[in-house]
Each structure stands twice: as structure tokens, then as C-alpha cells.
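This report concerns only the one structure given below.
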There are 2 protein chains.
Amino acid sequence: MSDPVYIQIVEDIKKKVNSAELKPGDTVPPETALCKEYGVSRMTVRKGLAILAREGYIFSVPGKGSYVRKPEVNKYTLYYDEMNNAINSVDKARLLEVSIIMPDEKLADELKITRNKHVIMIRRLFYTEGSPVAYDVKYLLYNKGMPIVEEEIEKATFQEMVSSNIPIFALKKRLIISAQIPNEEIKRYLNIYDELALLVVEQKLYNNENKPIGIGITSYRGDYIKLQGSSD
Amino acid sequence: MSDPVYIQIVEDIKKKVNSAELKPGDTVPPETALCKEYGVSRMTVRKGLAILAREGYIFSVPGKGSYVRKPEVNKYTLYYDEMNNAINSVDKARLLEVSIIMPDEKLADELKITRNKHVIMIRRLFYTEGSPVAYDVKYLLYNKGMPIVEEEIEKATFQEMVSSNIPIFALKKRLIISAQIPNEEIKRYLNIYDELALLVVEQKLYNNENKPIGIGITSYRGDYIKLQGSSD
DNA sequence: AAGTGGTCTAGACCACCGC
DNA sequence: CGGTGGTCTAGACCACTTA
């Protein structure tokens with residue numbers, strides 16, 4: 001009962017779209033027509049249309065009208081936390097190495113820096129219930145004053161490592177997900193004796209100006225992790 | 001030049017959040033204060049705040065105020081199209097089998113149907129430049145009147161298979177991404193002789209009432225596909 | 001009671017589009 | 001030119017929170 005009028009408008013139009021009464025490309029009734037239909041002022045109608053627009057149902061063209069949008073069928077929302085996934089979570093992390101290195105050509109290129117800049121390398125193992133489940137390497141641009149406290153690094157997620165330097169809102173991230181066969185080193189670290197695939201997640205962090213500030217590569221045992229995404 | 005006022009408000013507040021002048025949990029100035037500050041009416045201020053809210057920067061509590069939100073650090077947007085990914089695209093598909101089956105217990109359970117319902121099974125191979133790159137199996141609830149035209153099925157994506165029955169807007173989808181070692185059958189289909197990991201994407205389609213209408217499992221050669229996601 | 005955000009009105013002017 | 005959406009005003013009433 002007593003939904004605001006603009007919600008009524010939103011749901012009425014959604015219903016028409018979902019039932020194919022309004023098809024992609026069709027025009028939505030003009031705002032003035034909806035004003036009359038619902039007996040409300042134009043701002044109220046516009047509030048409803050704004051919601052439909054941001055949810056991807058319609059788009060508006062100034063001077064022409066509003067149209068039903070073709071939905072983005074390939075878009076999904078994925079939640080990825082290197083320490084937690086839908087079926088498991090990391091309960092222990094072991095620091096293998098923290099060191100300051102000079103990047104090789106590939107790394108310098110990826111981080112968009114020259115090869116004489118310092119980079120922090122952090123290698124860790126993630127454990128669940130006593131068993132190693134992932135091998136993790138991170139490369140961070142070295143900033144003066146950056147604290148390298150081993151105890152803090154051990155359990156930190158990538159965000160946490162950089163968020164002392166960069167406000168989290170200013171952070172942009174990209175993921176690259178792939179399946180790979182472990183090399184001998186990773187097999188040893190993850191106690192892999194038989195054939196087992198790795199789910200490899202490469203995380204790349206950018207600052208506000210789209211300059212890379214870090215790269216992380218986490219190689220999960222394939223029997224440990226599943227990533228989940230959903231539309232809407 | 002000449003951005004509307006509400007955009008000015010949005011960008012000013014974004015700047016304050018990104019520079020940590022406003023931190024998560026802090027209160028945003030009340031609407032009336034912003035009205036005075038910018039010399040505009042309340043609806044204009046509210047339009048700006050609405051944009052900040054939908055972009056995840058702030059949230060509002062009736063009777064109290066608006067607050068800076070803690071950003072969702074683990075949320076990514078992923079584009080997945082079974083026929084196209086960031087580095088490759090399928091240029092040919094070969095139909096291995098279309099048949100109507102009775103589901104086994106596991107499948108019946110996943111589709112939330114009884115075991116006496118009919119299910120369409122479609123098995124395909126995807127090719128890129130003449131080489132097989134993925135093995136694809138789909139299970140669809142059988143609806144009377146559902147056309148099973150082999151030529152159409154061959155190149156159809158999952159959406160296309162069901163969209164003749166269900167308006168696309170009404171479709172919800174979930175993905176499960178994992179890394180696996182291929183079994184002997186898939187090795188044969190994908191010409192895998194050495195060790196090679198598979199990136200397996202399970203797609204589950206639901207109708208408006210959240211009832212499953214189909215499951216698809218696409219097993220990609222690990223050297224063929226990389227999935228990409230990004231924050232924002 | 002005073003302050004907050006949520007809803008809504010009845011206008012206005014503008015830029016853009018198609019005829 | 002009339003119709004469209006985009007911006008904006010100066011009010012109003014409400015429910016809610018805090019004190």
C-alpha cells in the first residue's frame with residue numbers, strides 16, 4: 001500500500017517491458033502524457049523515468065522521446081575477495097617473501113614505470129584448515145614512507161596494502177581470470193601431486209589518473225575456489 | 001563550461017570524498033545547507049545527491065541526514081559472452097548432439113523439476129580459426145511448441161535459445177567460474193594432448209519467478225580464454 | 001520543537017527535433 | 001512551428017529523529 005506515485009510508474013512500465021507489451025526500440029509515452037495518465041506533475045513522472053533509465057530499461061533522447069533499451073545481456077556482477085569466496089575462506093596466510101626489486105621489462109611495462117624504479121614484491125601462501133590453497137604474488141610501486149611491516153602485510157588484502165596511501169574511493173581495479181596448469185614451484189607450495197588446474201586471478205590496481213599502482217596474481221587450487229557472478 | 005548545477009554539486013562532493021576530506025561515515029551537509037551554498041532550490045540539490053547515492057558514494061537516512069558510504073571494494077563488473085571474450089571469438093560452432101532426455105537426479109535437482117519432465121540436451125563444439133576451443137553442453141526445460149531447429153541452435157547463445165519463449169528483460173542469470181582438468185572425452189574433442197587446464201563457466205538461467213529454465217556448461221581451453229572484470 | 005530527508009506541485013525557460 | 005526532454009524554482013506537507 002501507499003507506494004509513492006513514481007514507484008507505481010516505474011513498476012507499471014517495467015511490467016509492460018517484461019511482458020513484451022513494450023519492446024526494445026519502442027517509445028515510452030511522453031512525459032506530459034504520463035502526467036495526465038497518473039494525474040501528477042512532470043517532476044514526479046521524471047523521477048520515475050530516471051529510475052527506469054538508471055536500471056537500464058529506457059533511455060531518453062532530448063527533443064525526441066524516451067525509448068525502451070535493448071538489455072545488456074552479457075553484463076554480470078562479480079564479487080571477488082582474494083581471501084573469501086562462495087565456498088571457502090582463507091583462515092591463515094604465510095608470508096614467503098617481502099623484498100624490494102627492480103622490475104624486469106615485462107613488469108615495468110605493465111606498471112608503466114621505467115626499470116630503475118623500485119617495486120615491492122610480496123609472496124604469500126593462503127591456507128584453509130591447515131592446507132595451502134593459493135599462491136599469491138603482489139608487485140607494488142614503492143612510495144617513500146610506505147611502511148613495510150611484515151606482520152601487517154601477512155593478512156592484508158590488496159586494497160589494504162595500498163589504502164594507507166590512496167583513499168579507497170579513488171581506486172580502480174581490473175581482474176583477469178584464467179585457468180592454468182601449475183608450474184613445479186607452485187605444485188610444491190600447494191602440495192599438488194596429481195593433475196590439478198589452477199584458477200588464476202590477476203588483479204591490477206589503478207589510481208585516480210588511471211596509472212597502475214600494483215599488480216597481484218593469485219593462483220588458487222582449482223578444487224578450492226569457484227567464482228560467482230549474477231546479472232541484475 | 002556550463003555544467004548543470006547538480007553536476008557541479010556531484011563533482012564537488014566526489015572530489016571531497018576522493019581526497020578523503022569526507023571519509024566514510026561522515027555526514028554530508030544537509031540539503032538546506034547545500035541550497036544556500038550553491039544558491040539553488042532544494043530539488044536541484046536533491047538531484048545531485050540522488051546521483052551520488054546511486055553511484056555508491058553516499059546514502060541517506062530519513063530524519064537524520066546523508067552519509068558517506070563505505071565503498072564496495074569487492075564488486076566488479078564482468079562481461080561474459082560465451083562466443084566472445086577479450087582476446088578471442090568463436091567463429092564456428094559444430095553441433096554434436098541435440099536430444100530430449102529424462103534428467104538424472106542431480107540435473108532434476110538443479111533445474112528444480114521432477115525426474116519425469118523432459119529436458120533438451122544440446123552438445124556443441126566451438127571453433128576459432130579452425131581449432132576447437134570449447135566444449136559446450138546445455139540443458140533446457142522442454143516447453144511444448146519449442147522449436148528444435150538444428151541450424152538455429154548451432155550458432156545460438158544461451159539467451160537466444162530461450163528468448164523465443166521468455167522476454168529477455170525477464171531473464172536472470174548466474175555464472176559459476178572454475179578451473180578444471182579435462183576428462184578424456186573433452187581432451188579428445190578439444191585436441192588436448194599435453195597438460196592443459198580448462199576454464200569452466202557454468203551458466204544458469206532463471207525466469208521472472210526465479211525458477212531455473214536452463215543450465216549451460218562451457219569448458220574452454222585455458223590457453224584460449226581470459227575473463228575480464230573491472231570495478232566502477 | 002527543530003531539523004532532517006521523502007514526496008509532490010504548478011509553473012518556468014531552454015535546447016533540440018521534425019515537420 | 002509544436003512537441004519533446006533537460007534544468008530549475010519556490011513553495012508545500014509528511015514522517016522521522018534528536019533533543
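This is a predicted model, so every value here is computed, not measured. Every chain is numbered from 1 and lettered A, B, ... according to where its sequence line falls, protein lines coming before strand lines.
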B/S/- along nucleotides 9-14 of chain D (protein heavy atoms under 4.0 Å) is BB-B--
What string of B, S and - do you get for nucleotides 14-19 of chain C, 5' to 3', if B is base contact, S is sugar-phosphate-only contact and - is no contact with any protein heavy atom under 4.0 Å?
--BSS-
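Here the side chain of Tyr6(B) is nearest to one of dT4(C), dT7(C), dT7(D), namely dT7(D). Closest contact between the side chain of Arg46(B) and the listed nucleotides dT4(D), dG6(C), dT7(D) involves dG6(C). For Ser60(A), counting side-chain heavy atoms from C-beta on, the closest listed nucleotide (dC8(C), dG6(D), dG5(C)) is dG6(D).
Proximity of Ser66(A) to the phosphate of dT4(D): no side-chain N or O atom is located under 4.0 Å from OP1 or OP2. In terms of phosphate contacts, Lys47(A) brings a side-chain nitrogen or oxygen within less than 4.0 Å of OP1 or OP2 of dT7(C).
Partners of Pro62(A) according to the side-chain contact (heavy atoms from CB on, under 4.5 Å) rule, which considers only residues two or more places apart in sequence or in another chain, do not exist here. Residues satisfying the salt bridge (charged side-chain N to carboxylate O under 4.0 Å, His left out) criterion with Arg221(B), sequence neighbours excluded, are Asp223(B). Under the rule for a side chain to side chain donor-acceptor pair (under 3.5 Å), Tyr67(B) has no partner lying at least two apart in sequence or in another chain. In this structure, the side-chain contact (heavy atoms from CB on, under 4.5 Å) partners of Ala53(A), at least two apart in sequence or on a different chain, are Ile58(A). In terms of the salt bridge (charged side-chain N to carboxylate O under 4.0 Å, His left out) criterion, Lys47(A) has no residue partners (sequence neighbours excluded). For Glu202(A), there are no salt bridge (charged side-chain N to carboxylate O under 4.0 Å, His left out) partners, not counting sequence neighbours.
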Kindly list each side-chain donor-acceptor pair under 3.5 angstrom involving residues 69-77 of chain B, sequence neighbours excluded, with atom names and distances?
unit_1: Tyr76(B); atom_1: OH; unit_2: Lys173(A); atom_2: NZ; d: 3.4
unit_1: Tyr76(B); atom_1: OH; unit_2: Gln203(A); atom_2: NE2; d: 3.4

Distance-only criterion, 3.5 Å: show the donor-acceptor pairs between side-chain atoms of residues 79-89 of chain B and protein atoms not counting sequence neighbours.
unit_1: Tyr80(B); atom_1: OH; unit_2: Tyr220(B); atom_2: OH; d: 2.7
unit_1: Asp81(B); atom_1: OD1; unit_2: Met83(B); atom_2: N; d: 2.9
unit_1: Asp81(B); atom_1: OD2; unit_2: Asn84(B); atom_2: ND2; d: 3.2
unit_1: Glu82(B); atom_1: OE1; unit_2: Lys138(B); atom_2: NZ; d: 3.3
unit_1: Glu82(B); atom_1: OE2; unit_2: Arg124(B); atom_2: NH2; d: 3.3
unit_1: Glu82(B); atom_1: OE2; unit_2: Phe158(B); atom_2: N; d: 3.3
unit_1: Asn85(B); atom_1: OD1; unit_2: Ile87(B); atom_2: N; d: 2.9
unit_1: Asn85(B); atom_1: OD1; unit_2: Asn88(B); atom_2: N; d: 3.3
unit_1: Asn88(B); atom_1: ND2; unit_2: Tyr224(B); atom_2: O; d: 2.6

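In DNA chain C, the stems built from three or more successive Watson-Crick or G-U pairs (distances below 3.5 Å) are C:1-18 with D:1-18.
Here Lys15(B) does not pair with Glu11(B) in a salt bridge; the nearest charged N to carboxylate O distance is not below 4.0 Å.
The separation between Leu34(B) atom CG and dG6(C) atom P is 13 Å, rounded to whole Å. Rounded to whole angstrom, the span from the CZ atom of Phe59(B) across to the P atom of dG5(C) amounts to 12 Å. What separates CG of Leu49(B) from P of dC8(D) is a distance of 14 Å, to the nearest Å. Atom OH in Tyr38(A) sits about 16 Å away from atom C1' in dC8(C), given to the nearest Å. Nucleotide dG5(C) holds its C1' atom 11 Å from the CD1 atom of Ile58(B), rounded to whole Å. Rounding to whole angstrom units, CG of residue Asp3(B) and C1' of dG6(D) are separated by 13 Å. One can place NZ of Lys36(B) at 12 Å from C1' of dG3(C), the figure rounded to the nearest angstrom. Distance CD1 (Ile7(B)) to P (dT7(D)): 7 Å, rounded to an integer number of Å.
Between atom OG of residue Ser230(B) and atom CD1 of residue Ile176(A) there is a gap of 11.0 Å, rounded to the nearest 0.5 Å. The CG atom of Leu49(B) sits 6.0 Å away from the CG atom of Leu34(B) when rounded to the nearest 0.5 Å.
For residues 24-44 of chain A, the pairs satisfying side chain to side chain donor-acceptor pair (under 3.5 Å) are Asp12(A)-Tyr38(A), Glu31(A)-Arg42(A), Glu31(A)-Arg46(A), with sequence neighbours left out.
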